[in-house]
There are 2 protein chains.
Amino acid sequence: MDSNYQAYQKSAELLKALAHPVRLCIVHGLLQKGKSNVTYIQECLDLPQSTISQHLQKLRSLDIVRAERSGLEMIYSVPDERIGIIIKILIGEDSYHE
Amino acid sequence: MDSNYQAYQKSAELLKALAHPVRLCIVHGLLQKGKSNVTYIQECLDLPQSTISQHLQKLRSLDIVRAERSGLEMIYSVPDERIGIIIKILIGEDSYHE
DNA sequence: TTAATATATTCATATAATACGATATAATGT
DNA sequence: ACATTATATCGTATTATATGAATATATTAA
């Protein structure tokens, strides 16, 4: 048995959180655009606000995404640079259009 | 709506296939050891053969892992170098011990 | 052809993930 | 305090995924 099993579990959770088209789109969008609020993301994806919010919660819970409040808005960003590298490997850089 | 949605779907599937501790362990093991047969993987992970086989099927279906038969055995390997990069980012290199 | 070994597939079921409407909270302006 | 805007949470129906026992297939040797 591989003695490193906890590392696999942790990484698997991280990947699982990333492994959803909507969440990939959110994270990729944040990487391209820098920071963003929920309304922008929502319009961009054309999904109910509650759905977006729940995806963001999952991303937050794994620190893939960081939230900071700015008045009425929550501003989201992607602090972990490893995430950017992984997304770049998978999707590339020039595929986001606002 | 992001026009690149298909790319997200495809990448999400790839990540989902990778996003399981047992499968991460299998892939990481293959990257460290080079090629390997199922029996070795199975002993290494101490799980039923059918479980390992099903995980391998999922990895094969997304071309994360390639299988070639050698007599009785199936020899597995990881042809896509992007996978190695992702695993290295997440887990590092020196964490596998046989 | 039969036996032995290695691996794959099928199936039943348990568990977890997802979507989205309804509702709640938080901040701001009047 | 009240209305407005932005975001979060809850309830629940639906769908997807994981597991392992049983069974099937493939390869080789005798």
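Since the model is a prediction, treat every value here as computed from it, not as a measurement.
For the pair A:Glu68 CD and C:dA26 C1', the interatomic distance rounds to 17 Å; values are reported in whole Å. With rounding to whole Å, A:Leu15 atom CG is found 14 Å from C:dA17 atom P. Note: CG (A:Leu24) to C1' (C:dT18) measures 15 Å, nearest angstrom. Per the geometry, CD1 belonging to B:Ile52 stands 16 Å off C1' belonging to C:dT9, to the nearest Å.
A donor-acceptor pair is defined here as one N or O able to donate and one able to accept, closer than 3.5 Å; such a pair exists between the side chain of B:Arg23 and the backbone of B:Ala17. At least one donor-acceptor pair under 3.5 Å links the side chain of B:Ser11 to the backbone N or O of B:Ala7. When atom types are taken as modelled, the side chain of B:Ser61 and the backbone of B:Lys58 share a donor-acceptor pair closer than 3.5 angstrom.
Under the side-chain contact (heavy atoms from CB on, under 4.5 Å) test applied with A:Ile41, the options A:Leu47, A:Ile52, A:Val22 reduce to a single match, A:Ile52.
Using a 4.0 Å cutoff on non-hydrogen atoms, the parts of residues 70-79 of chain B near DNA chain C are B:Leu72, B:Glu73, B:Met74, B:Tyr76, ordered by number.
Taken from CD1 in B:Ile85 to CD1 in B:Ile87, the straight-line distance is 11.5 Å, to the nearest 0.5 Å.
For C:dT18, one of the phosphate oxygens OP1 or OP2 lies less than 4.0 angstrom from a side-chain nitrogen or oxygen of A:Lys58. The side chain of B:His55 places no N or O atom within less than 4.0 Å of a non-bridging phosphate oxygen (OP1 or OP2) of C:dA8.
Figure legend: cation-pi geometry between A:Lys33 and A:Tyr40, with NZ or CZ positioned under 6.0 Å from the six-membered ring centre and within 45° of its axis.
Using a 4.0 Å heavy-atom cutoff across all strands shown, B:Gln57 reaches sugar-phosphate atoms only and no base atom. At the heavy-atom level, A:Thr39 lies under 4.0 Å from the strands shown only through sugar-phosphate atoms.
Residues A:Ile86 and A:Leu31 are members of one and the same hydrophobic cluster, defined by side-chain heavy-atom contacts under 4.5 angstrom among Ile, Leu, Val, Met, Phe, Trp and Tyr.
Between A:Arg23 and A:Gln49, the one whose closest nucleotide on DNA chain C sits nearer the 5' end is A:Arg23.
The aromatic rings of A:His55 and A:His20 sit tilted relative to each other, their planes meeting at an angle between 30° and 60°.
Here chain B contacts DNA chain D (any atom closer than 4.0 Å to a heavy atom, that is under 4.0 Å), and the contacts span D:dT17 to D:dT28 from 5' to 3'.
For the pair A:Tyr76 and A:Ser36, the minimum side-chain heavy-atom distance is 4.5 Å or more.
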